[in-house]
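Since the structure comes first, as structure tokens, the remarks are kept for the end.
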Amino acid sequence: MELRDVNQDEKVILQHNAITSGRYDFSSCQLDILFMVLAQLEVGELEYTIHTADIENITGRKWNIAQLTQSTELMLTKMFEIEDAEKYRQFVLFQYFDYLKGERTIRVKLSEVALPYFFELKNNFTAMQLKSTLSVTSKYAKRLYALGCQWRNVGKRRFEIEELKKMLGLIDKKGNEQFERINDFKKYVLDIAKKQINEESDIYFDYKLIKQGRSFKWVEVFINMKVAQQLEINFDISINSQKYISKLIAYGLSQIQAELIAGKEKEKDFDILITELNEKIRQRKLKIENSVGYLIGIYQKKGILPVKN
């Protein structure tokens, strides 16, 4: 479910899905620089200015200039790797970084070859909240937050663990692997990301590891949903109805509320409602302070849920 709080001071940024799912290893600082550029994008503009005070005001953390210069230096050599049905492409995002002396200000110019991935978004983009991207501190939390935002309309996404590690820069071209032991991958990547995303961002993130034989093969990521639990079968209600009720509960509704809705409205109508609301939020035509309360209000107006006196 994509329903989220949208305030005037909470900037929404758009990132091409090829960058969201690309294979690259950016540090937390480097990702913050990228997000600050995305927050300012205007068609036709190639040069942007980043004021360190802006990110400090958003996150409450100080930017270290020495760390910044080291990070931007590496960004001019680190390759983005993107693959589609036709080609495998390597490129850098930026042409240069200028540091204005005494101003704690950086001027950055986009790389010509990267322009399609900044501006040719059409329907192929991920919408993210700037404050959330900056507030999570782990570089893996930042990447997994972006992936979560990409798949939040679906609710969940299964990745092969090896492919996810490549996307996160944990397996290099020579096959060298960080956090090879599954417990280390859980502890230092997935669990840290889950904690930070759930505490600092506008989405709920969870995951489940899945085995093939004796080894873990996949990680299933859940966005704004609880990890799927074993369904307890009630033979008085059809399996499809029970699944629909479980789905409604995953959106934050109570068991009683879910049963009332499932008994009077078809699941496809609920899905249409969520899709329409999410589109209005994305276009900033709708502001929702409390997503669960908003849904309850809709069904109270429809006469499906009782109105409290």
Side-chain angles (χ1 to χ4, degrees), residues 11-52 54-55 63 65 67-100 105-130 133-134 139-151 157 159 162-176 178 282:
K11 176 79 173 178
V12 174
I13 60 177
L14 305 182
Q15 177 175 271
H16 197 292
N17 285 340
I19 295 179
T20 302
S21 302
R23 297 181 182 180
Y24 57 94
D25 182 17
F26 268 23
S27 69
S28 177
C29 182
Q30 290 166 340
L31 288 168
D32 284 346
I33 293 169
L34 171 60
F35 297 141
M36 289 300 287
V37 172
L38 291 175
Q40 302 177 63
L41 286 182
E42 292 186 18
V43 176
E45 293 292 327
L46 301 185
E47 192 174 90
Y48 296 90
T49 300
I50 299 174
H51 302 286
T52 59
D54 290 340
I55 190 169
W63 261 19
I65 294 298
Q67 182 186 14
L68 278 174
T69 55
Q70 183 181 35
S71 295
T72 53
E73 178 182 349
L74 292 173
M75 289 177 83
L76 296 176
T77 59
K78 280 193 174 183
M79 291 288 180
F80 260 71
E81 299 178 357
I82 290 175
E83 184 176 4
D84 58 28
E86 300 177 352
K87 61 185 178 299
Y88 175 76
R89 170 170 284 182
Q90 295 178 318
F91 62 97
V92 294
L93 290 178
F94 305 109
Q95 290 188 42
Y96 64 73
F97 294 91
D98 284 340
Y99 285 81
L100 305 186
T105 296
I106 309 169
R107 188 173 293 134
V108 54
K109 186 172 183 180
L110 307 182
S111 169
E112 295 283 348
V113 72
L115 295 184
Y117 302 102
F118 281 111
F119 296 115
E120 294 179 13
L121 299 175
K122 297 181 182 178
N123 294 320
N124 192 24
F125 64 85
T126 302
M128 304 179 290
Q129 186 190 74
L130 176 63
T133 64
L134 300 177
K139 65 179 181 180
Y140 306 121
K142 292 177 187 292
R143 291 293 310 278
L144 289 168
Y145 167 74
L147 285 168
C149 288
Q150 181 179 354
W151 295 101
R157 174 75 158 83
F159 298 91
E162 182 179 355
E163 176 56 26
L164 182 59
K165 284 187 171 183
K166 288 179 179 178
M167 290 168 60
L168 298 177
L170 294 173
I171 300 178
D172 64 20
K173 292 185 187 326
K174 296 180 180 179
N176 299 317
Q178 298 181 56
R282 188 184 68 80

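Between the side chain of R143 and the backbone N or O of T20, at least one donor-acceptor pair lies under 3.5 Å.
In this structure, the side chains of T133 and L31 stay at 4.5 Å or more apart for every pair of heavy atoms.
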* To do: Test L144 against L164 for side chain to side chain contact (heavy atoms under 4.5 Å, CB included), laying out the working first.
  => CA-CA 10 Å; L144 289 168; L164 182 59; 4.3 Å; yes
* Could you give me the CA-CA distance, side-chain angles and deciding distance for L134 and L130, then say whether side chain to side chain contact (heavy atoms under 4.5 Å, CB included) is met? => CA-CA 6 Å; L134 300 177; L130 176 63; 3.8 Å; yes
* Begin from the C-alpha positions of F26 and K139 and carry the test side chain to side chain contact (heavy atoms under 4.5 Å, CB included) through to its verdict. => CA-CA 7 Å; F26 268 23; K139 65 179 181 180; over 6 Å; no
* To do: Show the numbers, then the answer: is there a side chain to side chain contact (heavy atoms under 4.5 Å, CB included) between E163 and K166?
  => CA-CA 5 Å; E163 176 56 26; K166 288 179 179 178; 4.1 Å; yes
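Within the model, atoms CD of Q178 and CD1 of I171 stand 10.0 Å from one another, a figure rounded to the nearest 0.5 Å. Taken to the nearest 0.5 Å, the CE atom of M128 stands 10.0 Å off from the CG atom of L147. Atoms CZ and CZ, on R89 and F80 in that order, are 13.5 Å from each other to the nearest 0.5 Å. Here the straight-line distance linking atom CD of Q70 with atom CD of Q30 works out to 8.5 Å at 0.5 Å rounding. Note that the NE2 atom of H16 and the CD atom of Q150 stand 10.5 Å from one another [nearest 0.5 Å]. For the atom pair CD1 of I65 and OG1 of T52, the computed distance is 5.0 Å after rounding to the nearest 0.5 Å.
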Cut-off 3.5 Å, no hydrogens considered: what does the side-chain donor-acceptor table look like for residues 92-99, sequence neighbours left out?
{"residue": "Q95", "atom": "NE2", "partner": "L110", "partner atom": "O", "Å": "3.0"}
{"residue": "Y96", "atom": "OH", "partner": "E47", "partner atom": "OE2", "Å": "2.6"}
{"residue": "Y99", "atom": "OH", "partner": "L68", "partner atom": "O", "Å": "3.0"}
{"residue": "Y99", "atom": "OH", "partner": "T69", "partner atom": "N", "Å": "3.3"}
{"residue": "Y99", "atom": "OH", "partner": "T72", "partner atom": "OG1", "Å": "2.7"}

Anything under 3.5 Å between a donor and an acceptor, one on a side chain of residues 34-46, the other on a protein residue two or more places apart or in another chain? List them.
{"residue": "Q40", "atom": "NE2", "partner": "M36", "partner atom": "O", "Å": "3.2"}
{"residue": "Q40", "atom": "NE2", "partner": "T49", "partner atom": "O", "Å": "2.9"}

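Checking F91, F125, Y24 one by one against Y117, the ring-ring contact (aromatic ring centres under 6.0 Å, His included) holds for a single residue, F91.
Of all non-hydrogen atoms in A146 and T126, the two that sit nearest each other are O-CG2, 3.5 Å.
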